Amino acid sequence: MAFIRIVEVGPRDGLQNESRAIALDTKVELIDRLAATGLKSIEAGAFVSPKWVPQMAGSGEVLTRIRKAPGVAYPVLVPNEKGLEAALAAGAQEIAVFGAASESFSRRNINCSIAESLDRFRPVAEQALAAGLKVRGYVSCVLGCPYEGEIDAGKVAEVAAALVSMGCYEVSLGDTIGVGTPARAKRMAQRVAQDVSADRLALHFHDTYGQAVANILACLETGVAVIDTSVAGLGGCPYAKGASGNVATEDVLYLLNGLGLETGVDLDKVARIGGWISDQLERPNGSKVGRALLAKAVA
Ligand code: HMG
Ligand code: MG
């Protein structure tokens, strides 16, 4: 049976966009509970400027306090050398650098051009690799930009290839504002796979227009086998107004289970965590599958 790896990004991409303060204990409990579901990769925080993204300010403490389950990776976002220094001090074993295929988004998100961002990431990746860390890469706005509209898939491929050439073991393709539709998403993935082999790509689709599950299904046909998801569909992006959360982990697991694809992740356990974190944050559960399973459990 084919295996699909799920990268849970709720504790980072999900929580970074919450406006209310979230207790450190809640963040730690969320990550520790997720680590008991079979997930093998859980993005645990971001070492970014607290002025830019206040919600990620405690990431060092989160990383030190989580249980660190054997066999589970806890990647963290790092935008520059200052972030790397802090991530290393907190014991990070894996980092992710995050670029974009849109110049305007790059400037709004990390305050530099695409070329400058790649120049900034190169020494970060080099130092992280030398310290024995794994480095993941992101490309944002692969199917559209909140400031520029449509984005050329050739540009996505160029940035993805640059990230691989500096040592990223995998590049995650972000539909940051969730505007993609299946045929375009598949064409984009096929175009990127001409320059970066599909087994080094991941899909990171937000679900603003409700197309993420369909887009994932279309892109699975290109051979991509890693999917970023967020429990209860938590999240958004502080520099992409109106963007909703990542596709819900529960929704993707339900899709993959139905296709007979193995993930090693227990859907019922994830659904219970989705209900719990939604209650904690006093927000509606963003996963249709999660809501259905939880309703069935109490019926
Ligand atoms: P800048 O203002 O150009 O940075 O921001 P700077 O180097 O000029 O420094 C300004 C201040 O920030 C200084 O402090 C630095 O010390 C501090 P001050 O002297 O003013 O007190 N600083 C830092 N503090 C903590 N950690 C650091 C750090 N670096 C500088 N690493 C910078 C540039 C990159 C720092 C800023 O723009 C930033 O932090 N941006 C992060 C934005 C972000 O986190 N966005 C969300 C994540 S991306 C995303 O969600 C998309 C994704 O999910 C994929 C998808 O969906 O497409 C990944
Ligand atoms: Mg995202």
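This is a predicted model, so every value here is computed, not measured. Throughout, residue positions are numbered sequentially from 1 according to the sequence presented. Ligands are counted one by one from 1 in listed order, and the atoms in each one are counted from 1 as well.
For ligand 1, the atoms closer than 4.0 angstrom to any heavy atom of P50 are 24 (N), 25 (C). Numbered from 1 in the order shown, with element, the atoms of ligand 1 that lie under 4.0 Å from a heavy atom of H206 read 56 (O). Here is the list of ligand 1 atoms found below 4.0 Å of a heavy atom in S140: 51 (C), 54 (C), 55 (C), 57 (O). Applying the 4.0 Å criterion to heavy atoms of N80 picks out, from ligand 1, the atoms 27 (C), 28 (C), 29 (N), 30 (C), 31 (N), 35 (C). Counting the atoms of ligand 1 from 1 in the order shown, those under 4.0 Å from a heavy atom of F47 are 26 (N), 27 (C), 31 (N). Against a heavy-atom cut-off of under 4.0 Å, L77 is close to the following atoms of ligand 1: 47 (C). Counting the atoms of ligand 1 from 1 in the order shown, those under 4.0 Å from a heavy atom of G83 are 31 (N).
Contact analysis puts R12 in contact with ligand 1, with a non-hydrogen atom separation below 4.0 angstrom. A heavy-atom separation below 4.0 Å is not found between A100 and ligand 1.
Scanning A86, P79, G60, C141 for the heavy atom closest to atom 34 (C) of ligand 1 points to P79. One option in Q55, H204, K82 has a heavy atom closer to atom 22 (N) of ligand 1 than any other, and that option is K82. Between the choices T176, D228, D175, the shortest heavy-atom distance to atom 57 (O) of ligand 1 belongs to T176. In this comparison of N246, N111, V142, the heavy atom closest to atom 1 (P) of ligand 1 sits on N111. Looking at V78, N109, V48 and measuring to atom 42 (C) of ligand 1, the nearest heavy atom belongs to N109.
Minimum interatomic distance between S117 and I110 (heavy atoms only, all atoms of both residues): CB-CD1, 3.7 Å. Between Q190 and T222, the shortest heavy-atom distance links the atoms CG-CG2, 3.5 Å.
The shortest N or O to N or O distance between K51 and ligand 1 is under 3.5 Å.
Within the 4.5 Å cutoff, side-chain heavy atoms of E81 are placed close to those of V124.
The only member of I42, V28, L234 that meets side chain to side chain contact (heavy atoms under 4.5 Å, CB included) when paired with P11 is I42.
At distances below 3.5 Å, not a single donor-acceptor pair connects side-chain atoms of S106 with backbone N or O atoms of A100. Not a single donor-acceptor pair under 3.5 Å links the side chain of N246 to the backbone N or O of S230.
Here R120 does not pair with E116 in a salt bridge; the nearest charged N to carboxylate O distance is not below 4.0 Å. The pair R136-D228 meets the salt-bridge criterion, with a side-chain N (NZ, NE, NH1 or NH2) lying under 4.0 Å from an Asp/Glu carboxylate O. At a threshold of 4.0 Å, the pair K155-E158 counts as salt-bridged, since one of the basic side-chain nitrogens sits closer than that to a carboxylate oxygen.
With a 4.0 Å heavy-atom cut-off, ligand 1 is reached by the side chain of D13 but not by its N, CA, C or O.
The Mg ion (ligand 2) sits nearest to atom NE2 when only the N, O or S atoms of H204 are considered. The atom of D13 that is an N, O or S and sits closest to the Mg ion (ligand 2) is OD2.
With sequence neighbours excluded, the residues that form a ring-ring contact (aromatic ring centres under 6.0 Å, His included) with Y138 are H204.
Between the side chains of S244 and D207, not a single donor N or O lies within less than 3.5 Å of an accepting N or O.
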